[in-house]
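Note sheet for the following structure.
Just so we're on the same page: letters track the sequence lines, and every chain starts at 1. Remember, it's a predicted structure, so these values are computed and weren't measured experimentally.
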Amino acid sequence: MIYFAGEGRDEFKDWLRSIEAKWQKRWREARIFEADPDPSRPKYFLTVPYPYTSGPLHIGHGRTYTIGDVHARYLRHKGYNVLWPMAFHITGTPIEAISARIRMGDEEYIRLYRSYLKLYVKGEDEIDRLIERFKDPWEVMKFFSSVISSDFDALGYSIDWRRRFTTGDPEYNSFVSWQFIRLREKGYIVQGGHPVLYDVMEEQAVGEDDILGGDEIKPGIVEFTAVKFDAGEGRYLVAATLRPETLPGVTNVWVNPDARYVELEAKGERWIVSEEAEVKLRLQQHPVKRVGELRGRELVGLRVRDPLVGRSVPVLPGTFVDPDEATGVVYSVPAHAPYDYAALMDVKADPERFGVPRELVEGLQPIPIIRLPGYGELPAKEACERHGVRSQEDREALEAATEEIYKKEFYEGVMTAGPFAGLKVTEAKERTREFLFGRGLGFTFYEVTALKKPVVSRSGGKVVVAVLPDQWFLDFNAPGWKERGREALKAMAIVPEKYRKLFEDTIEWLDKRPCARKRGIGTRLPFDPQWIIESLSDSTIYMAFYTVIHRIRALGIDPSKMGVEFWDYVFWGKGDPDELAQRVEVSPEDLKGLREEFEYWYPVDHRHTMIAHITNHLTFFIMHHAALFDERYWPKKITLNEPVIREGTKMSKSKGNVIPLVEIPKVYSADWFRLYSVSAADLATVLDWRDRDVQTVGGRLRRFVEIFRMVAESEPSGERDVGVLARWLESRTASMLRQVDEMLANHRYRDAAIRAFFDHLRDVEIYLRYGGRDFGLLRKIFRSWAVALEPFIPHLAEEVWERLGGEGFVSLAPWPEPEEGAVRPELEEAFRVVERTIEDVNKILRTVRERKERLFIYLAPDWKYEIISRLEAELKPPISQKDAFRVASEFLRAHGKEAQHLIREFVGEQGAIRHSTPEAEREMFSALVDMIKDRTGVREVVIALPGEGVPDPMGKAKLAIPGRPALYLE
RNA sequence: GCGGGGGUGGCCGAGCCAGGUCAAAGGCGGCGGACUUAAGAUCCGCUCCCUAAGGGGUUCGUGGGUUCGAAUCCCACCCCCCGCACCA
């Protein structure tokens, strides 16, 4: 029979793959996962975020989608009409950037994409052809969405593909336009200034992946405080600092003597800054005009006045000053800034060398203004000494010293001078800024920060910070929005619950968020079409789009005719459907059908994804639903899973240890992967992909198939096994069905997979080895077992189901509900009693280190079970000996010492004596004699039932207690 | 720094919310055995320390506390990981 596993490993894998392909085809042909409204059944709308189609997915994605699929499949068994749709995300810059780089001939990228293509297509020619096509972003997206959907099919995901779309489709654009128009009407969208990284050459904003060195140098934006030092006659030397609170300690101002400075006309004033700063000021929306140029050294000796305490200080030369950092002018606080301290000492030591008149610097002394625990008056001096700073050229040592002082003073320092004396540094900093800004004496100056400078874009342009004056924002702090968001969250289930706090905090922390960019793929802002809606902002309520897109397409509605009224009607039920129908050129019935389908499926019952999405996507998902929909359409539940790592290390492109999803069915198999990825870790645990463990799961899977083969090929004898082990296995099956049901309902996927597959497989093995061979019974068990296994290993389950004569697809079979009384706890406990006894025997054997041939097992007499039942019924911990003796007094009278011994045992264990019924224990021991022999290695096992007169040379029998028979080995 | 999550036996990892059945599931690794010409696969046993009969001792980051009883609750401390945005 061809579908059975062959002998070798590869044959088994081949067989698995062949049945997987077979069932995938059958599911597709029978369209069993296409979900349509059915008022007769409860609906369940499950979504997992659509993938971004810039490259192949990996097993981390696979874990998340598999969990979603397991849940969808489980709920179909529970009678739900389950909708699980999928689409593809193409919005934003990455896909466009890929094409741009391939067009530019970027070797690194071409190599990367060739390696991706190799996963899917054969032949260098074909790869070349595709790379050529990838110069068009649409082709990138088309290719990857197509292969990703094949990957999903190959893993057996039960997706309704009719609703598939991409976020670049015209219908989607119309939908997102509606969303933004309505958000704006509600006052949730505002416009304002916003700093961004900006390529001076290309004259456009850049993201991290547009920057050379990309993710390694971590480019960012930092806020300096520009401080205007009055040079008289309307001229100001504009210094910039990260520590405005140190202004009271200023002793001088530094300029780089060799750098070029410019004098700018700004708001009726003259500002002096470095030449490099000029363009930055302009980009940051300061209208400036160059009116003069000068060398840094020309400024030396100039006296300027600080705007806070009004001290007159000289301008001095500092070679450490970088003209390309902020304004290229810094003020000096030698008491608290190591650079300033070192530079000041340099100048004072040898003024001539710096071309400074001695009298200009002679009197300059550090001015302490911050008290710092653990330091003296001059923390900067101490830090310089500790780090071995010899001059202002010791960059490395100075950086270290600066970092030390900056951090310490920021968090621990207290001002001792100036208008904010007595305040903490953090507070003084804010107050100083307010003071300066309020009086026009300072402003925020944005600068690029990075681990390595200079920061240059991939196209070679210098990257600076620009302020966009007309950036569009989602204003999460708009009146009422957050309240609704909090309410929505409150009503929602979060699984695992421990992540709820993070959602709550994220909602609080949300402020204005830029929601559009000038580049990339996506939907244009309807009210300002030069902007393209940013990719997280256009993916917040798209689950609603799934409910109708397939119908819109089937009806052939022209996207350009839809307009806001169309979506108002579909989602809000607003407007006159007859009139609208005419406008979009469909029948009123068809239009109403759209509305009805939306109403049927909404709200989203369940969204599953990875925890990384909490602080962005998922919170927006909640917020936008809160903004645009009625309470009854707010999402009901979010479940989350941690990521996947491999052999203890993170997967990353650079390490080359990423396992692409497409390889899974080739190297392993769909069911194998599914079973492993669900059983190897809880939702809240990082899944460590270990090949050793994966192999173990494969081995178990194979064992399952072998047993199934035996069962399926067997001729049912017609004779029913009524032995205790058969009854035990039936009970185990019933309890498995109950437990797995409950576990899956509560998203305990790992526990469910272990119980349904591994534990139950072991039970079946035990039955086959030590019990009977009632194949009729086993067939029955396999049939309900197949349903419980179907969410995890759907292909194998279908095979089992079909082979055993199940009707239709097991994927659609109802969950088997065990009859009342099908679970027999006393049998299951009796089995455990036997297992524990085996452990005891082995412990004895190990301790005595002697070969023993024969094992006597003496079971306790009925009256001992009666004592225990009585005590259990009447006493709860803490249990005193006195109470126990009182409760069991009649037994004490009847059985004396032996009863006393038992009661003491009970008190000692505080009632925790695990046992079954006398009948079950006796039957089970008798039935499992062979298992006891196998596992202990003794040749003969004698089960001594009470009163049977079995020899008891050591008088052990009286020590027997319920759940723990007495033992004698000889 | 702020916010969040954690620290369990050689390793990974359950248990902790609802304290007792916890020397602590399961897997991996290791050791021994069965099977086999052999290897692999599979199966069985063992795998903190002591122990010549199922016993005892010491363990769940560290130190205290609550309790008849703590891996589980409380306090303090130490250490690790993640997020801090306009980016998918």
Tell me: [atom1] of [X] to [atom2] of [N], nearest whole Å?
{"X": "A:Asp693", "N": "B:rG26", "atom1": "CG", "atom2": "C1'", "answer": "10 Å"}
{"X": "A:Arg700", "N": "B:rA41", "atom1": "CZ", "atom2": "P", "answer": "14 Å"}
{"X": "A:His613", "N": "B:rA85", "atom1": "NE2", "atom2": "C1'", "answer": "14 Å"}
{"X": "A:Arg769", "N": "B:rC44", "atom1": "CZ", "atom2": "C1'", "answer": "8 Å"}
{"X": "A:Leu536", "N": "B:rC86", "atom1": "CG", "atom2": "P", "answer": "11 Å"}
{"X": "A:Met743", "N": "B:rA25", "atom1": "CE", "atom2": "C1'", "answer": "12 Å"}
{"X": "A:Arg748", "N": "B:rG26", "atom1": "CZ", "atom2": "P", "answer": "17 Å"}
{"X": "A:Leu687", "N": "B:rC81", "atom1": "CG", "atom2": "P", "answer": "21 Å"}

Mind checking the [atom1] distance from [N] to [M]? Whole angstroms is fine.
{"N": "B:rC74", "M": "B:rA23", "atom1": "C1'", "answer": "26 Å"}
{"N": "B:rC43", "M": "B:rG27", "atom1": "P", "answer": "10 Å"}
{"N": "B:rG61", "M": "B:rU8", "atom1": "C1'", "answer": "10 Å"}
{"N": "B:rG30", "M": "B:rC12", "atom1": "C1'", "answer": "15 Å"}
{"N": "B:rU72", "M": "B:rG19", "atom1": "C1'", "answer": "6 Å"}
{"N": "B:rG13", "M": "B:rC31", "atom1": "P", "answer": "24 Å"}
{"N": "B:rU21", "M": "B:rC60", "atom1": "P", "answer": "16 Å"}
{"N": "B:rA18", "M": "B:rC2", "atom1": "P", "answer": "28 Å"}

Quick one: label [X] by what it contacts on the DNA or RNA (base, sugar-phosphate, nothing), any heavy atom closer than 4.0 Å.
{"X": "A:Arg935", "answer": "sugar-phosphate"}
{"X": "A:Pro965", "answer": "base"}
{"X": "A:Arg914", "answer": "base"}
{"X": "A:Tyr968", "answer": "base"}
{"X": "A:Ala680", "answer": "nothing"}
{"X": "A:Ile614", "answer": "nothing"}
{"X": "A:Leu502", "answer": "nothing"}

Does a nitrogen or oxygen in the side chain of [X] sit under 4.0 Å from OP1 or OP2 of [N]?
{"X": "A:Ser535", "N": "B:rA88", "answer": "yes"}
{"X": "A:Lys650", "N": "B:rC82", "answer": "yes"}
{"X": "A:Lys498", "N": "B:rG6", "answer": "yes"}
{"X": "A:Thr847", "N": "B:rG55", "answer": "no"}
{"X": "A:Thr685", "N": "B:rA14", "answer": "yes"}
{"X": "A:Arg703", "N": "B:rU42", "answer": "no"}
{"X": "A:Thr506", "N": "B:rG3", "answer": "no"}

Taking pairing as Watson-Crick or G-U wobble with both contacts under 3.5 Å, can you name the mate of [N], or confirm there isn't one?
{"N": "B:rG54", "value": "none"}
{"N": "B:rC22", "value": "none"}
{"N": "B:rG29", "value": "B:rU47"}
{"N": "B:rG1", "value": "B:rC84"}

Quick one: are [X] and [Y] in side-chain contact, heavy atoms under 4.5 Å?
{"X": "A:Ile59", "Y": "A:Arg646", "value": "no"}
{"X": "A:Asp475", "Y": "A:Trp481", "value": "no"}
{"X": "A:Tyr749", "Y": "A:Asn641", "value": "no"}
{"X": "A:Pro953", "Y": "A:Phe856", "value": "no"}

Quick one: which of [options] gets closest to the side chain of [X]?
{"X": "A:Arg846", "options": "B:rA14, B:rA85, B:rU47", "answer": "B:rU47"}
{"X": "A:Arg750", "options": "B:rG54, B:rC28, B:rA14", "answer": "B:rA14"}
{"X": "A:Arg517", "options": "B:rC87, B:rC28, B:rA53", "answer": "B:rC87"}
{"X": "A:Trp509", "options": "B:rA52, B:rC84, B:rG55", "answer": "B:rC84"}
{"X": "A:Asp688", "options": "B:rG29, B:rC86, B:rC12", "answer": "B:rC12"}
{"X": "A:Glu534", "options": "B:rA41, B:rA85, B:rA88", "answer": "B:rA88"}
{"X": "A:Thr93", "options": "B:rA88, B:rG55, B:rA85", "answer": "B:rA88"}
{"X": "A:Glu765", "options": "B:rC44, B:rA52, B:rC43", "answer": "B:rC43"}
{"X": "A:Arg690", "options": "B:rC12, B:rC28, B:rC46", "answer": "B:rC12"}
{"X": "A:His89", "options": "B:rG6, B:rA88, B:rG45", "answer": "B:rA88"}

Self-check item: Residue A:Lys482 excluded, over 12 heavy atoms near NZ under 6.0 Å
Solution: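 Yes, enclosed.
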Practice problem: Classify the side chain of A:Lys501 and the base of B:rG3 as holding, or not holding, a donor-acceptor pair under 3.5 Å. | Solution: no
Salt bridge or not between [X] and [Y]? Use side-chain N to carboxylate O under 4.0 Å.
{"X": "A:Arg854", "Y": "A:Glu970", "answer": "yes"}
{"X": "A:Arg935", "Y": "A:Glu839", "answer": "no"}
{"X": "A:Glu706", "Y": "A:Arg703", "answer": "yes"}
{"X": "A:Glu829", "Y": "A:Arg836", "answer": "yes"}

Quiz item: Want to settle it: does A:Asp511 or A:Asp751 sit nearer the 5' end of RNA chain B, counting the closest nucleotide to each?
Solution: A:Asp751
Practice problem: Nearest-nucleotide wise, let me know which of A:Asp840 and A:Asn616 is further upstream toward the 5' end of RNA chain B. | Solution: A:Asp840
Quiz prompt | Distance in Å, A:Ile913 CD1 paired with A:Ile868 CD1, rounded so as to fall on 0.5 Å steps | solution = 4.0 Å
